[in-house]
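Encoded as structure tokens, the structure appears first; notes follow it.
First listed ligand is number 1; within each ligand, the first listed atom is number 1.
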Amino acid sequence: MAADSLDQVVSLCKRRGFLYPGSEIYGGLQGTFDYGPLGVELKNNLKRLWWQHNVYERDDMEGLDASILMNRYVWRYSGHEQTFVDPLVDCKTCKGRFRADRLGDAACLKNSKQHPGECEGELTEPRPFNMMFKTQIGPIPDPESFAYLRPETAQGIFVNFRNVLDSSNRKLPFGIAQIGKAFRNEITPRNFIFRVREFEQMEIEYFCTPGQDEQIHNTFIEDHVNWWVNVCGLSRDRIELYEVPAAELAHYSKRTVDIMYRFPIGLEELEGIANRTDYDLGSHSRDQEKLEIAAAVNPNAHSTTRLSYFDQASNRHMVPFVIEPSAGVDRGVLAVLCEAYEEETLENGETRVVLRLKPALAPIKAAVLPLKKNEPGIVAAAKQIKNMLQATGQMRAVYDDTAGIGKLYRRQDEIGTPYCITVDFDTLGREEENGLKDTVTLRDRDTMQQERVAIADLPALLLGRIYGAS
Ligand code: ATP
């Protein structure tokens, strides 16, 4: 199981409507992709399962959905204006621009078979390149009136720490979860949706007292590895933990462990779990007195709120420590697609492409297929069954009669539909009394085994198999 090359997955995604290159009819926009009808379902399912696990199944978590546009001083005090940079080099020969620490991901503009630095071209010394996108705020293009598109969702949580604390009466430890878009002006967007300029993150900022942080950090690492394996179906053998060396840590981090997944392009980061200490809450409320004086001059220039917590036990204000699990939605989608993809050779020698997605992640849960599309009784029964499954409100079910049954099964296998339901003459009870009236054939995607099931039992049976299975 699992794709051998990224091309297999890219081609399936385009062919079947999971993902398309962004702005394709105008020649595209590098580093952007659009999720098609099946892709949006898969992505929404992944996000829903993450929210379910991290918010609904816990008692210590709140949710948030903060603005993408934020006051630009957020990014000054978070440290991003200064340090959210990648090293950029130019090639004096081909005029290409590349990320100095990822030359192996890039190709020379004159000879696409060679990486920059391996060819004739001479590279400049690396210089820092800030990855935040800027956009103008308001109608007048004044150099002061701009905002950044957020490069991480985390800061939206930090600046709302006080609001959530005051409105929810939470006590430490507790966390705030958020799923949302982030933007990075990546120097070399590459590898399909692995590295893009617009993507989504699923993040938690978990606030605790200093001293609890190391243990909570380890617990999140273990819990999130288990989530990727048990809920998303990634194989444990393809996951490795990477202890980020001190020299490579982000400016806010005391320790970061990356959950790495073996994609067909190699072992790469899927989720980073960082101990951000009191860095962010502290920087947004640093030097309170000085800030209040400055705020009198320019009220927007500094935070005037102290992002601290009153600890009743010690009767003092303290700045909590923060553990941050930060996962990419798009990298998650790519990982589950790569893991699930299989080209299986059948007994008759034919090859079938099958996406062995966890049923809860599958875009379509059940396809109802009439054995004969010219038989009004069969068609009506099939549509009724599809409506009945749709009415559960918990699954996307479709009706399809656009090909013969064998071809319809293959199409559903390729997009990961776990169950096909076939309506035939027995369903209508027209044959000799054979006890099969009001029953259908239920076909399992993975085993291709078929069983006869009463129509009335279908909703409960399918819901149990789909959601009980993850
Ligand atoms: P990388 O080293 O691959 O650039 P990072 O360490 O900068 O990643 P983080 O800042 O830790 O990434 O972001 C958290 C998560 O957001 C990553 O684990 C990844 O899943 C996702 N992510 C970050 N950058 C991108 C991107 N350009 N495209 C898609 N997903 C991304």
Side-chain angles (χ1 to χ4, degrees), residues 6 19 22 29-33 35 39 43 46-47 50 75 78-80 83-88 98-106 129-133 149-157 177-205 217 220-221 224-225 227-228 232 234 239-245 247-263 265-276 279-280 322-338:
L6 200 58
L19 281 144
L29 178 67
Q30 218 196 352
T32 64
F33 285 88
Y35 283 78
K43 188 186 192 192
L46 183 80
K47 292 192 283 185
W50 185 90
W75 304 105
S78 70
H80 283 74
T83 58
F84 199 64
V85 291
D86 271 344
L88 173 75
F98 310 104
R99 195 171 142 181
D101 58 341
R102 292 222 167 228
L103 291 177
D105 281 356
F129 170 76
N130 195 299
M131 289 196 288
M132 288 194 290
F133 282 102
L149 301 189
R150 65 182 182 198
E152 60 172 25
T153 62
Q155 297 304 324
I157 299 182
Q178 176 169 226
I179 301 178
K181 289 264 182 175
F183 302 82
R184 294 184 188 178
N185 197 1
E186 295 279 357
I187 297 168
T188 339
R190 265 183 90 80
N191 291 327
F192 195 35
I193 51 170
F194 178 81
R195 186 174 303 286
V196 278
R197 291 187 168 132
E198 174 178 341
F199 56 98
E200 270 186 278
Q201 293 183 312
M202 308 184 279
E203 292 196 312
I204 295 168
E205 306 305 325
H217 194 184
F220 268 116
I221 296 166
H224 279 210
V225 168
W227 183 77
W228 286 112
C232 299
L234 301 189
I239 290 180
E240 282 180 31
L241 294 179
Y242 175 68
E243 188 78 44
V244 177
E248 288 172 29
L249 286 174
H251 59 280
Y252 49 72
S253 174
K254 165 175 156 186
R255 178 186 176 221
T256 298
V257 174
D258 289 341
I259 301 179
M260 312 287 283
Y261 177 72
R262 193 167 299 286
F263 291 91
I265 50 169
L267 188 67
E268 295 283 357
E269 178 180 334
L270 178 61
E271 171 167 7
I273 307 191
N275 184 338
R276 289 182 86 129
Y279 179 87
D280 300 271
V322 176
I323 302 300
E324 176 197 70
S326 172
V329 176
D330 311 79
R331 284 191 194 174
V333 167
L334 186 60
V336 298
L337 283 170
C338 291

* Please name all residues satisfying side chain to side chain donor-acceptor pair (under 3.5 Å) with Asp86, sequence neighbours left out, ordered by chain then number. => Arg99
* If only atom types and distance count, is the side chain of Thr83 paired as donor or acceptor with the main-chain N or O of Gly79 below 3.5 Å? -> yes
Just list the N/O pairs, ligand 1 to protein, that are under 3.5 Å apart, with the distance for each.
unit_1: ligand 1; atom_1: 3 (O); unit_2: Arg195; atom_2: NH2; d: 3.0
unit_1: ligand 1; atom_1: 3 (O); unit_2: Arg331; atom_2: NH1; d: 3.1
unit_1: ligand 1; atom_1: 3 (O); unit_2: Arg331; atom_2: NH2; d: 3.1
unit_1: ligand 1; atom_1: 4 (O); unit_2: Arg195; atom_2: NH1; d: 2.8
unit_1: ligand 1; atom_1: 6 (O); unit_2: Glu269; atom_2: OE1; d: 3.1
unit_1: ligand 1; atom_1: 7 (O); unit_2: Arg184; atom_2: NH1; d: 3.1
unit_1: ligand 1; atom_1: 10 (O); unit_2: Arg184; atom_2: NH1; d: 3.1
unit_1: ligand 1; atom_1: 10 (O); unit_2: Arg184; atom_2: NH2; d: 3.0
unit_1: ligand 1; atom_1: 11 (O); unit_2: Glu269; atom_2: OE2; d: 3.3
unit_1: ligand 1; atom_1: 13 (O); unit_2: Gln201; atom_2: NE2; d: 3.4
unit_1: ligand 1; atom_1: 16 (O); unit_2: Gln201; atom_2: NE2; d: 3.3
unit_1: ligand 1; atom_1: 18 (O); unit_2: Glu269; atom_2: OE2; d: 2.6
unit_1: ligand 1; atom_1: 18 (O); unit_2: Leu270; atom_2: O; d: 3.4
unit_1: ligand 1; atom_1: 20 (O); unit_2: Leu270; atom_2: O; d: 2.9
unit_1: ligand 1; atom_1: 20 (O); unit_2: Gly328; atom_2: N; d: 3.0
unit_1: ligand 1; atom_1: 24 (N); unit_2: Arg184; atom_2: NH1; d: 3.4
unit_1: ligand 1; atom_1: 27 (N); unit_2: Glu186; atom_2: OE2; d: 2.8
unit_1: ligand 1; atom_1: 27 (N); unit_2: Val196; atom_2: O; d: 2.8
unit_1: ligand 1; atom_1: 28 (N); unit_2: Phe194; atom_2: O; d: 3.3
unit_1: ligand 1; atom_1: 28 (N); unit_2: Val196; atom_2: N; d: 3.0

* Flag the pair His251 / Phe84 as yes when their ring centroid distance falls below 6.0 Å, and as no otherwise. => no
* Quick one: side chain to side chain donor-acceptor pair (under 3.5 Å) partners of Thr188, sequence neighbours excluded? -> none
* Name all residues meeting the side chain to side chain donor-acceptor pair (under 3.5 Å) criterion together with Tyr35; count only those two or more places apart in sequence or in a different chain, and write none if there are none. => Asp330
* Asked: For the ring pair Phe194 and Phe192, is the centre-to-centre distance below 6.0 Å?
  -> no
